[in-house]
Chemist: 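One structure is given below, represented as C-alpha coordinates, and several questions about it will come after.
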Amino acid sequence: ASPRLASVEPGFPRELHRRAAEWLRSRGLVAEALEHAAAAGDHAVVAELLSEDHLALIRNGRSGTLLRWARTLPDELVSENPDVALGAATAALLVGRMTRERRRLLRLASQAKAHAPERFGPYEESMMAMVRCAGIDEGVTEAIVEGHRAVELAFARGGADETMVAALAALARALYFGGSFEQAWSAASRAVEYPEAARRAPAYALARATLAVLAAEGDRLHPARTHAVAARAAVGRIASSRSWLGANAAEALGTVLAAEGDFAGAERELSHAERFVGDDVATVHHARLLLRLADVRCRRGRVDEAEATLAAAREELAELGDSGIVGSLAAGAADAIQEARRQASSGAILELPSDAELAVLRLLTTDLSAREIGAKLFLSPNTVRSHTRSIYRKLRVGSREDAVAAAQAAGLLRERDHPGDRSALA
(Lines give C-alpha, C1' and ligand atoms only; values in the text may rest on other atoms or scores of the structure.)
Protein backbone atom coordinates (compact mmCIF):
# COMPACT_ATOMS: atom_id res chain seq x y z
CA ALA A 1 0.00 0.00 0.00
CA SER A 2 1.39 3.41 -0.98
CA PRO A 3 2.00 6.27 1.50
CA ARG A 4 -0.34 8.44 -0.61
CA LEU A 5 -3.18 5.90 -0.24
CA ALA A 6 -2.53 5.68 3.47
CA SER A 7 -2.81 9.46 3.82
CA VAL A 8 -6.16 9.51 2.01
CA GLU A 9 -7.66 6.52 3.82
CA PRO A 10 -5.52 5.64 6.88
CA GLY A 11 -7.12 2.28 7.62
CA PHE A 12 -7.11 0.98 4.06
CA PRO A 13 -3.51 -0.39 3.82
CA ARG A 14 -4.13 -2.58 6.85
CA GLU A 15 -7.41 -3.78 5.37
CA LEU A 16 -5.64 -4.49 2.07
CA HIS A 17 -3.04 -6.63 3.84
CA ARG A 18 -5.79 -8.45 5.73
CA ARG A 19 -7.64 -9.26 2.51
CA ALA A 20 -4.42 -10.38 0.85
CA ALA A 21 -3.72 -12.68 3.80
CA GLU A 22 -7.18 -14.24 3.51
CA TRP A 23 -6.85 -14.71 -0.25
CA LEU A 24 -3.39 -16.29 0.01
CA ARG A 25 -4.48 -18.48 2.92
CA SER A 26 -7.44 -19.80 0.90
CA ARG A 27 -4.97 -20.94 -1.76
CA GLY A 28 -2.60 -22.68 0.63
CA LEU A 29 0.14 -20.03 0.41
CA VAL A 30 0.74 -19.97 4.15
CA ALA A 31 4.14 -18.23 4.27
CA GLU A 32 2.88 -15.43 2.01
CA ALA A 33 -0.33 -15.12 4.01
CA LEU A 34 1.73 -14.77 7.19
CA GLU A 35 3.67 -11.87 5.67
CA HIS A 36 0.47 -9.93 4.94
CA ALA A 37 -1.20 -10.79 8.25
CA ALA A 38 1.88 -9.52 10.08
CA ALA A 39 1.95 -6.37 7.91
CA ALA A 40 -1.67 -5.80 8.92
CA GLY A 41 -0.60 -6.08 12.55
CA ASP A 42 -3.11 -8.85 13.06
CA HIS A 43 -1.45 -11.04 15.70
CA ALA A 44 -4.58 -13.14 16.08
CA VAL A 45 -4.53 -14.16 12.42
CA VAL A 46 -0.77 -14.87 12.56
CA ALA A 47 -1.36 -17.11 15.58
CA GLU A 48 -4.29 -18.83 13.88
CA LEU A 49 -2.24 -19.48 10.72
CA LEU A 50 0.66 -20.89 12.71
CA SER A 51 -1.66 -23.04 14.80
CA GLU A 52 -3.33 -24.55 11.74
CA ASP A 53 -0.30 -24.88 9.47
CA HIS A 54 2.72 -25.47 11.74
CA LEU A 55 3.10 -29.08 10.58
CA ALA A 56 3.03 -28.14 6.90
CA LEU A 57 5.65 -25.44 7.46
CA ILE A 58 7.93 -27.84 9.33
CA ARG A 59 7.57 -30.65 6.78
CA ASN A 60 8.25 -28.28 3.88
CA GLY A 61 11.47 -27.00 5.36
CA ARG A 62 9.96 -23.68 6.52
CA SER A 63 10.89 -24.04 10.20
CA GLY A 64 12.73 -20.73 10.07
CA THR A 65 9.60 -19.00 8.75
CA LEU A 66 7.44 -20.54 11.47
CA LEU A 67 9.87 -19.55 14.19
CA ARG A 68 10.36 -16.03 12.87
CA TRP A 69 6.63 -15.21 12.98
CA ALA A 70 6.02 -17.01 16.27
CA ARG A 71 8.67 -14.81 17.87
CA THR A 72 6.76 -11.67 16.83
CA LEU A 73 3.73 -12.71 18.88
CA PRO A 74 3.22 -11.57 22.48
CA ASP A 75 3.97 -14.33 24.99
CA GLU A 76 0.39 -14.19 26.27
CA LEU A 77 -0.94 -15.03 22.82
CA VAL A 78 1.55 -17.86 22.34
CA SER A 79 0.64 -19.34 25.72
CA GLU A 80 -3.02 -19.26 24.68
CA ASN A 81 -2.19 -21.27 21.55
CA PRO A 82 -0.31 -24.44 22.51
CA ASP A 83 0.03 -25.57 18.89
CA VAL A 84 1.92 -22.35 18.12
CA ALA A 85 4.25 -22.79 21.10
CA LEU A 86 4.91 -26.46 20.33
CA GLY A 87 5.28 -25.93 16.59
CA ALA A 88 7.76 -23.13 17.23
CA ALA A 89 9.65 -25.25 19.80
CA THR A 90 9.95 -28.01 17.20
CA ALA A 91 11.15 -25.46 14.66
CA ALA A 92 13.76 -24.14 17.10
CA LEU A 93 15.06 -27.68 17.57
CA LEU A 94 15.31 -28.32 13.82
CA VAL A 95 16.96 -24.99 13.04
CA GLY A 96 19.59 -25.51 15.73
CA ARG A 97 21.65 -23.32 18.06
CA MET A 98 18.44 -22.18 19.78
CA THR A 99 18.34 -24.29 22.93
CA ARG A 100 17.28 -21.45 25.21
CA GLU A 101 14.54 -20.38 22.81
CA ARG A 102 13.22 -23.94 22.55
CA ARG A 103 13.07 -24.18 26.33
CA ARG A 104 11.27 -20.82 26.56
CA LEU A 105 8.65 -21.98 24.07
CA LEU A 106 8.15 -25.23 25.96
CA ARG A 107 7.54 -23.20 29.13
CA LEU A 108 4.89 -21.20 27.28
CA ALA A 109 3.30 -24.47 26.14
CA SER A 110 3.26 -25.68 29.76
CA GLN A 111 1.49 -22.44 30.74
CA ALA A 112 -1.09 -23.12 28.05
CA LYS A 113 -1.66 -26.57 29.49
CA ALA A 114 -2.12 -25.13 32.97
CA HIS A 115 -4.38 -22.21 31.99
CA ALA A 116 -6.41 -23.80 29.20
CA PRO A 117 -6.32 -27.59 29.61
CA GLU A 118 -9.25 -27.95 27.20
CA ARG A 119 -6.92 -26.78 24.38
CA PHE A 120 -4.23 -29.30 25.33
CA GLY A 121 -5.31 -32.66 23.94
CA PRO A 122 -3.45 -35.91 23.12
CA TYR A 123 -1.87 -34.37 20.01
CA GLU A 124 -0.35 -31.51 22.03
CA GLU A 125 0.73 -33.93 24.79
CA SER A 126 2.46 -36.16 22.25
CA MET A 127 4.15 -33.24 20.53
CA MET A 128 5.46 -31.81 23.80
CA ALA A 129 6.84 -35.19 24.85
CA MET A 130 8.47 -35.59 21.43
CA VAL A 131 10.24 -32.22 21.61
CA ARG A 132 11.43 -32.90 25.16
CA CYS A 133 12.73 -36.29 24.07
CA ALA A 134 14.54 -34.98 21.00
CA GLY A 135 16.10 -32.05 22.88
CA ILE A 136 17.27 -34.25 25.81
CA ASP A 137 17.12 -31.23 28.10
CA GLU A 138 16.48 -33.17 31.32
CA GLY A 139 18.96 -35.99 30.78
CA VAL A 140 18.98 -39.15 28.70
CA THR A 141 16.89 -41.29 31.06
CA GLU A 142 14.10 -38.71 31.21
CA ALA A 143 14.28 -38.24 27.43
CA ILE A 144 13.66 -41.96 26.93
CA VAL A 145 10.63 -41.78 29.24
CA GLU A 146 9.27 -38.81 27.26
CA GLY A 147 9.93 -40.62 23.98
CA HIS A 148 7.98 -43.69 25.03
CA ARG A 149 5.18 -41.41 26.20
CA ALA A 150 5.12 -39.58 22.86
CA VAL A 151 4.84 -42.87 20.97
CA GLU A 152 2.13 -44.22 23.28
CA LEU A 153 0.07 -41.03 22.90
CA ALA A 154 0.41 -41.11 19.11
CA PHE A 155 -0.59 -44.77 19.09
CA ALA A 156 -3.59 -44.06 21.31
CA ARG A 157 -4.82 -41.65 18.66
CA GLY A 158 -4.88 -44.53 16.18
CA GLY A 159 -1.23 -44.17 15.25
CA ALA A 160 -1.94 -40.67 13.94
CA ASP A 161 0.90 -39.88 11.58
CA GLU A 162 1.05 -36.21 12.64
CA THR A 163 3.41 -37.19 15.43
CA MET A 164 4.12 -40.92 15.15
CA VAL A 165 7.16 -40.76 12.84
CA ALA A 166 8.64 -37.86 14.81
CA ALA A 167 7.98 -39.59 18.14
CA LEU A 168 9.67 -42.79 16.98
CA ALA A 169 12.63 -40.91 15.51
CA ALA A 170 13.15 -38.92 18.71
CA LEU A 171 12.82 -42.04 20.86
CA ALA A 172 15.37 -43.87 18.70
CA ARG A 173 17.89 -41.06 19.20
CA ALA A 174 17.38 -41.01 22.97
CA LEU A 175 17.69 -44.81 23.17
CA TYR A 176 20.96 -44.57 21.24
CA PHE A 177 22.34 -42.12 23.79
CA GLY A 178 21.12 -44.45 26.51
CA GLY A 179 23.10 -47.36 25.06
CA SER A 180 20.01 -49.39 24.14
CA PHE A 181 21.18 -49.96 20.58
CA GLU A 182 18.81 -52.78 19.59
CA GLN A 183 15.79 -50.84 20.85
CA ALA A 184 17.07 -47.73 19.08
CA TRP A 185 17.37 -49.68 15.83
CA SER A 186 13.84 -51.03 16.25
CA ALA A 187 12.32 -47.58 16.90
CA ALA A 188 14.19 -45.92 14.01
CA SER A 189 13.22 -48.78 11.68
CA ARG A 190 9.56 -48.42 12.66
CA ALA A 191 9.82 -44.70 11.88
CA VAL A 192 11.20 -45.13 8.35
CA GLU A 193 8.81 -48.01 7.60
CA TYR A 194 5.73 -46.06 8.70
CA PRO A 195 3.28 -45.43 5.83
CA GLU A 196 4.40 -42.41 3.79
CA ALA A 197 7.16 -41.71 6.32
CA ALA A 198 9.38 -40.19 3.63
CA ARG A 199 6.84 -37.37 3.26
CA ARG A 200 7.62 -36.41 6.87
CA ALA A 201 11.12 -35.37 5.82
CA PRO A 202 12.50 -33.96 9.12
CA ALA A 203 11.56 -37.00 11.24
CA TYR A 204 12.43 -39.40 8.42
CA ALA A 205 15.89 -37.84 8.04
CA LEU A 206 16.56 -38.05 11.79
CA ALA A 207 15.53 -41.73 11.90
CA ARG A 208 17.68 -42.57 8.88
CA ALA A 209 20.65 -40.73 10.40
CA THR A 210 20.28 -42.76 13.60
CA LEU A 211 20.19 -46.01 11.63
CA ALA A 212 23.33 -44.96 9.74
CA VAL A 213 25.21 -44.26 12.97
CA LEU A 214 24.10 -47.53 14.56
CA ALA A 215 25.06 -49.55 11.47
CA ALA A 216 28.44 -47.84 11.10
CA GLU A 217 29.32 -48.37 14.75
CA GLY A 218 28.36 -52.02 14.30
CA ASP A 219 30.70 -52.34 11.26
CA ARG A 220 27.77 -52.89 8.89
CA LEU A 221 29.04 -50.47 6.30
CA HIS A 222 26.70 -51.21 3.39
CA PRO A 223 23.45 -50.48 5.27
CA ALA A 224 25.20 -47.60 7.03
CA ARG A 225 25.98 -45.99 3.69
CA THR A 226 22.44 -46.61 2.44
CA HIS A 227 20.88 -44.93 5.48
CA ALA A 228 23.33 -42.00 5.40
CA VAL A 229 22.54 -41.34 1.74
CA ALA A 230 18.80 -41.49 2.49
CA ALA A 231 19.17 -39.08 5.42
CA ARG A 232 21.08 -36.57 3.31
CA ALA A 233 18.57 -36.86 0.46
CA ALA A 234 15.64 -36.24 2.82
CA VAL A 235 17.34 -33.14 4.20
CA GLY A 236 18.11 -31.97 0.67
CA ARG A 237 14.47 -32.22 -0.34
CA ILE A 238 13.58 -29.50 2.16
CA ALA A 239 16.82 -27.52 1.78
CA SER A 240 17.76 -27.84 5.46
CA SER A 241 21.43 -28.84 5.27
CA ARG A 242 22.50 -25.76 7.24
CA SER A 243 20.51 -26.65 10.36
CA TRP A 244 20.47 -28.97 13.37
CA LEU A 245 18.59 -31.46 11.22
CA GLY A 246 21.19 -31.20 8.46
CA ALA A 247 23.92 -31.54 11.06
CA ASN A 248 22.50 -34.90 12.14
CA ALA A 249 22.68 -36.11 8.53
CA ALA A 250 26.23 -34.78 8.23
CA GLU A 251 27.23 -36.48 11.49
CA ALA A 252 25.81 -39.76 10.20
CA LEU A 253 27.76 -39.39 6.96
CA GLY A 254 30.93 -38.50 8.86
CA THR A 255 30.52 -41.57 11.05
CA VAL A 256 30.17 -43.78 7.96
CA LEU A 257 33.20 -42.23 6.24
CA ALA A 258 35.29 -42.74 9.38
CA ALA A 259 34.23 -46.40 9.51
CA GLU A 260 35.29 -46.70 5.85
CA GLY A 261 38.70 -45.20 6.61
CA ASP A 262 38.14 -41.84 4.89
CA PHE A 263 39.13 -39.71 7.87
CA ALA A 264 39.62 -36.52 5.88
CA GLY A 265 36.08 -36.78 4.50
CA ALA A 266 34.78 -37.68 7.96
CA GLU A 267 36.36 -34.61 9.52
CA ARG A 268 34.90 -32.39 6.81
CA GLU A 269 31.36 -33.67 7.50
CA LEU A 270 31.69 -33.62 11.28
CA SER A 271 33.15 -30.09 11.26
CA HIS A 272 30.17 -28.93 9.19
CA ALA A 273 27.80 -30.59 11.64
CA GLU A 274 29.52 -29.00 14.63
CA ARG A 275 28.72 -25.50 13.35
CA PHE A 276 24.97 -26.17 13.69
CA VAL A 277 24.90 -28.34 16.81
CA GLY A 278 27.08 -26.22 19.09
CA ASP A 279 25.26 -23.69 21.26
CA ASP A 280 25.89 -21.48 24.28
CA VAL A 281 24.20 -24.22 26.30
CA ALA A 282 25.83 -27.62 26.82
CA THR A 283 23.97 -30.50 25.15
CA VAL A 284 24.47 -34.23 24.88
CA HIS A 285 24.23 -33.93 21.10
CA HIS A 286 27.18 -31.54 20.89
CA ALA A 287 29.31 -33.45 23.39
CA ARG A 288 28.89 -36.66 21.37
CA LEU A 289 29.75 -34.88 18.14
CA LEU A 290 32.89 -33.39 19.66
CA LEU A 291 34.00 -36.86 20.74
CA ARG A 292 33.56 -38.09 17.15
CA LEU A 293 35.65 -35.18 15.92
CA ALA A 294 38.34 -35.88 18.50
CA ASP A 295 38.54 -39.51 17.37
CA VAL A 296 38.81 -38.60 13.68
CA ARG A 297 41.44 -35.94 14.31
CA CYS A 298 43.42 -38.40 16.37
CA ARG A 299 43.27 -40.95 13.55
CA ARG A 300 44.48 -38.30 11.11
CA GLY A 301 47.56 -37.75 13.25
CA ARG A 302 46.41 -34.32 14.44
CA VAL A 303 46.81 -35.21 18.08
CA ASP A 304 46.97 -31.68 19.50
CA GLU A 305 43.68 -30.76 17.81
CA ALA A 306 42.14 -34.02 18.97
CA GLU A 307 43.16 -33.26 22.54
CA ALA A 308 41.67 -29.75 22.37
CA THR A 309 38.42 -31.14 20.95
CA LEU A 310 38.27 -33.75 23.71
CA ALA A 311 38.79 -31.02 26.31
CA ALA A 312 35.83 -29.09 24.85
CA ALA A 313 33.68 -32.22 25.03
CA ARG A 314 34.65 -32.79 28.66
CA GLU A 315 33.73 -29.20 29.52
CA GLU A 316 30.25 -29.78 28.14
CA LEU A 317 29.90 -33.11 29.92
CA ALA A 318 30.84 -31.44 33.22
CA GLU A 319 27.80 -29.15 32.81
CA LEU A 320 25.44 -32.02 32.04
CA GLY A 321 23.82 -34.42 34.41
CA ASP A 322 22.65 -37.67 32.88
CA SER A 323 24.56 -37.93 29.58
CA GLY A 324 24.00 -41.65 29.00
CA ILE A 325 26.84 -43.41 27.22
CA VAL A 326 28.54 -40.18 26.18
CA GLY A 327 30.38 -39.66 29.45
CA SER A 328 32.04 -43.07 29.29
CA LEU A 329 33.11 -42.49 25.67
CA ALA A 330 35.30 -39.58 26.74
CA ALA A 331 37.61 -41.95 28.64
CA GLY A 332 38.04 -44.09 25.54
CA ALA A 333 38.89 -41.03 23.46
CA ALA A 334 41.53 -40.00 26.01
CA ASP A 335 43.11 -43.47 25.85
CA ALA A 336 43.20 -43.33 22.04
CA ILE A 337 44.94 -39.95 22.10
CA GLN A 338 47.50 -41.19 24.62
CA GLU A 339 48.21 -44.23 22.43
CA ALA A 340 48.54 -41.98 19.38
CA ARG A 341 51.17 -39.91 21.18
CA ARG A 342 53.04 -43.05 22.11
CA GLN A 343 52.99 -44.28 18.52
CA ALA A 344 54.06 -40.88 17.24
CA SER A 345 57.10 -40.91 19.51
CA SER A 346 58.07 -44.32 18.10
CA GLY A 347 57.68 -43.16 14.48
CA ALA A 348 54.61 -45.27 13.73
CA ILE A 349 52.19 -44.27 10.97
CA LEU A 350 49.05 -42.73 12.42
CA GLU A 351 47.00 -42.68 9.21
CA LEU A 352 47.34 -44.53 5.94
CA PRO A 353 47.66 -42.40 2.80
CA SER A 354 44.54 -42.24 0.66
CA ASP A 355 44.37 -44.06 -2.68
CA ALA A 356 45.18 -40.84 -4.54
CA GLU A 357 48.15 -40.21 -2.24
CA LEU A 358 49.38 -43.77 -2.70
CA ALA A 359 49.46 -43.23 -6.45
CA VAL A 360 51.68 -40.19 -5.94
CA LEU A 361 53.76 -42.02 -3.33
CA ARG A 362 54.62 -44.79 -5.79
CA LEU A 363 55.95 -42.23 -8.27
CA LEU A 364 58.03 -40.56 -5.57
CA THR A 365 60.31 -43.57 -5.91
CA THR A 366 61.23 -42.31 -9.39
CA ASP A 367 63.14 -39.21 -10.52
CA LEU A 368 60.00 -37.58 -11.89
CA SER A 369 59.25 -33.98 -10.92
CA ALA A 370 55.93 -32.88 -9.47
CA ARG A 371 54.87 -31.65 -12.92
CA GLU A 372 55.83 -34.96 -14.53
CA ILE A 373 54.06 -36.97 -11.84
CA GLY A 374 51.00 -34.83 -12.40
CA ALA A 375 51.08 -35.46 -16.13
CA LYS A 376 51.16 -39.21 -15.55
CA LEU A 377 48.28 -39.12 -13.07
CA PHE A 378 46.29 -36.38 -14.84
CA LEU A 379 46.73 -34.08 -11.84
CA SER A 380 47.90 -30.51 -11.56
CA PRO A 381 51.38 -29.90 -10.06
CA ASN A 382 49.72 -28.13 -7.12
CA THR A 383 47.57 -31.20 -6.41
CA VAL A 384 50.68 -33.41 -6.50
CA ARG A 385 52.43 -31.08 -4.05
CA SER A 386 49.37 -31.09 -1.77
CA HIS A 387 49.29 -34.91 -1.79
CA THR A 388 53.02 -34.99 -1.11
CA ARG A 389 52.71 -32.71 1.92
CA SER A 390 49.91 -34.92 3.25
CA ILE A 391 52.07 -38.02 2.70
CA TYR A 392 54.93 -36.42 4.65
CA ARG A 393 52.60 -35.61 7.53
CA LYS A 394 51.08 -39.07 7.67
CA LEU A 395 54.46 -40.83 7.47
CA ARG A 396 56.00 -38.27 9.84
CA VAL A 397 58.88 -37.46 7.51
CA GLY A 398 60.28 -34.30 5.99
CA SER A 399 61.73 -35.36 2.65
CA ARG A 400 60.98 -37.39 -0.46
CA GLU A 401 63.72 -39.88 0.35
CA ASP A 402 62.48 -40.41 3.89
CA ALA A 403 58.92 -40.83 2.62
CA VAL A 404 60.01 -43.60 0.24
CA ALA A 405 62.00 -45.31 2.99
CA ALA A 406 59.12 -45.13 5.48
CA ALA A 407 56.66 -46.38 2.87
CA GLN A 408 58.86 -49.34 2.01
CA ALA A 409 59.29 -50.23 5.69
CA ALA A 410 55.52 -50.10 6.19
CA GLY A 411 54.82 -52.19 3.11
CA LEU A 412 52.89 -49.42 1.40
CA LEU A 413 54.62 -49.85 -1.95
CA ARG A 414 53.49 -53.43 -2.48
CA GLU A 415 50.94 -53.94 -5.25
CA ARG A 416 47.44 -54.43 -3.92
CA ASP A 417 43.84 -53.97 -4.91
CA HIS A 418 42.40 -50.60 -3.99
CA PRO A 419 38.81 -49.80 -3.13
CA GLY A 420 36.94 -47.31 -5.23
CA ASP A 421 36.28 -43.73 -4.34
CA ARG A 422 35.51 -43.70 -0.64
CA SER A 423 34.04 -40.23 -0.76
CA ALA A 424 31.10 -41.20 -2.96
CA LEU A 425 28.68 -40.24 -0.19
CA ALA A 426 29.81 -36.64 -0.21
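We number each residue from 1, following the sequence as shown. Owing to the predicted nature of the structure, the values given are computational and were not obtained by experimental measurement.
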Chemist: Mind running side chain to side chain contact (heavy atoms under 4.5 Å, CB included) on T90 and H54 for me, showing each step along the way?
Modeler: CA-CA 9 Å; T90 304; H54 60 278; over 6 Å; no

Chemist: Does the D279 side chain pair with the main chain of T99, one donor and one acceptor, at a distance under 3.5 Å?
Modeler: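 Side chain of D279 to backbone of T99: a pair is present.
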
Chemist: Would you say S354's side chain and E357's backbone share a donor-acceptor pair under 3.5 angstrom?
Modeler: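 Yes, because the side chain of S354 sits within donor-acceptor range (under 3.5 Å) of the backbone of E357.
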
Chemist: Which pairs count as side-chain hydrogen bond (donor to acceptor under 3.5 Å, both in side chains) when at least one residue sits in residues 30-45, sequence neighbours excluded?
Modeler: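 Pairs touching residues 30-45 that pass the test: H17-H36, E35-R68.
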
Chemist: Is a side-chain N or O of S390 found less than 3.5 angstrom from the main chain of S386, in a donor-acceptor match?
Modeler: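 No, because the side chain of S390 does not come within donor-acceptor range (under 3.5 Å) of the backbone of S386.
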
Chemist: For the backbone of L379 and the side chain of T383, can you confirm whether one donor and one acceptor N or O come within less than 3.5 Å of each other?
Modeler: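 No.
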
Chemist: Indicate yes or no for a side-chain donor-acceptor contact from D262 to the backbone of G265 under 3.5 Å, with no hydrogens or angles considered.
Modeler: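 Judged by distance alone, yes, a pair lies under 3.5 Å.
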
Chemist: Whether E124 and K113 form a salt bridge (side-chain N of Lys/Arg under 4.0 Å from carboxylate O of Asp/Glu) is what I want to check.
Modeler: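 No.
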
Chemist: Hey, are E15 and R18 close enough for a salt bridge, meaning a charged N less than 4.0 Å from a carboxylate O?
Modeler: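 The answer is yes: the pair qualifies as a salt bridge.
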
Chemist: According to side-chain hydrogen bond (donor to acceptor under 3.5 Å, both in side chains), does anything in residues 140-156 pair up with another residue at least two apart or in another chain? List the pairs.
Modeler: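 Every side-chain hydrogen bond (donor to acceptor under 3.5 Å, both in side chains) pair that includes a residue of residues 140-156, provided the two are not neighbours, is E125-R149, T141-D322.
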
Chemist: So if I apply the side chain to side chain donor-acceptor pair (under 3.5 Å) rule between T309 and each of R314, R297, E274, which one comes out positive?
Modeler: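 Result: among R314, R297, E274, R297 is the only option passing the side chain to side chain donor-acceptor pair (under 3.5 Å) with T309.
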
Chemist: How long is the gap from CZ on F155 to CG on L168, to the nearest 0.5 Å?
Modeler: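 The CZ atom of F155 sits 11.0 Å away from the CG atom of L168.
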
Chemist: Nearest 0.5 Å, please: how far is CH2 in W244 from CG in L93?
Modeler: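 CH2 of W244 is found 4.5 Å from CG of L93.
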
Chemist: Can any side-chain N or O of T255 pair as donor or acceptor with the backbone N or O of L253 at less than 3.5 Å?
Modeler: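 Not a single qualifying donor-acceptor pair exists.
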
Chemist: So, R292 and E217, do they make that salt bridge, N to O below 4.0 Å?
Modeler: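 Looking at E217 together with R292, the answer is yes, because their closest N to O distance falls below 4.0 Å.
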
Chemist: For R242, what residues pass the salt bridge (Lys or Arg N to Asp or Glu O under 4.0 Å) criterion, not counting sequence neighbours?
Modeler: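 So R242 forms no salt bridge (Lys or Arg N to Asp or Glu O under 4.0 Å) with any residue.
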
Chemist: Would R119 and D83 satisfy salt bridge (Lys or Arg N to Asp or Glu O under 4.0 Å), going step by step from the backbone distance to the final call?
Modeler: CA-CA 9 Å; R119 301 190 65 177; D83 287 355; over 6 Å; no

Chemist: How about E22: does its CD atom have over 12 heavy atoms from other parts shown lying under 6.0 Å from it?
Modeler: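 Counting other residues, nucleotides and ligands, CD of E22 exceeds 12 neighbours.
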
Chemist: Might you work through the side chain to side chain contact (heavy atoms under 4.5 Å, CB included) test for V192 and L211, ending with a clear yes or no?
Modeler: CA-CA 10 Å; V192 301; L211 289 171; 4.0 Å; yes

Chemist: Would you kindly say whether R190 and Y194 are connected by a side-chain donor-acceptor distance under 3.5 Å?
Modeler: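 Not at all, the side chains of R190 and Y194 share no donor-acceptor pair under 3.5 Å.
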
Chemist: If the threshold is 4.0 Å, N to carboxylate O, is there a salt bridge linking R199 and E196?
Modeler: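 Salt bridge between R199 and E196, a charged N being under 4.0 Å from a carboxylate O: yes.
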
Chemist: Please check this pair: side chain of S126 against backbone of Y123, looking for a donor-acceptor N/O pair closer than 3.5 Å.
Modeler: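 No; judged by distance alone, with no hydrogens or angles, the pair does not exist.
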
Chemist: Does S328 use its side chain to pair, donor to acceptor, with the backbone of I325 at less than 3.5 Å?
Modeler: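 Side chain of S328 to backbone of I325: a pair is present.
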
Chemist: Would the number of heavy atoms belonging to other residues, nucleotides or ligands and lying under 6.0 Å from CZ of R62 be above 12?
Modeler: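 No, not enclosed.
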
Chemist: May I ask you to say whether R300 pairs ionically with E305, meaning some side-chain N is under 4.0 Å from a carboxylate O?
Modeler: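 Salt bridge: no.
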
Chemist: Within a reach of under 6.0 Å around CD of Q338, are more than 12 heavy atoms found that belong to other residues, nucleotides or ligands?
Modeler: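 Result for CD/Q338: open.
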
Chemist: Can you tell me how far the OH atom of Y176 sits from the OG1 atom of T210, to the nearest 0.5 Å?
Modeler: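 Interatomic distance, Y176 OH to T210 OG1, rounded to 0.5 Å: 9.0 Å.
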
Chemist: Donor-acceptor pair, distance only, cut-off 3.5 Å: does the side chain of S271 make one with the backbone of E267?
Modeler: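 Answer holds: yes.
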
Chemist: Between atom CG of L291 and atom NE2 of H286, what is the distance when rounded to the nearest 0.5 Å?
Modeler: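 Those atoms lie 10.0 Å apart.
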
Chemist: How long is the straight-line distance from CG of L86 back to CG of L55, given to the nearest 0.5 Å?
Modeler: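 One finds 10.5 Å between CG of L55 and CG of L86.
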
Chemist: Test your reading of the model: is there a side-chain donor-acceptor pair from R200 to the backbone of A166, 3.5 Å cut-off?
Modeler: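 It does not hold such a pair.
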
Chemist: My understanding is that only one of R104, R132, R102 makes a salt bridge (charged side-chain N to carboxylate O under 4.0 Å, His left out) with D137; could you say which?
Modeler: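 The salt bridge (charged side-chain N to carboxylate O under 4.0 Å, His left out) with D137 is passed solely by R102 among R104, R132, R102.
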
Chemist: Please determine, by modelled atom types, if H285 and R288 share a side-chain donor-acceptor pair under 3.5 angstrom.
Modeler: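 On atom types as modelled, these side chains do not qualify, holding no pair under 3.5 Å.
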
Chemist: So, E48 and R25, do they make that salt bridge, N to O below 4.0 Å?
Modeler: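 So E48 pairs with R25 through a salt bridge.
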
Chemist: What's the separation between atom CZ in F276 and atom CG in L245, rounded to the nearest 0.5 Å?
Modeler: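 Spacing of CZ (F276) from CG (L245) equals 12.0 Å.
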
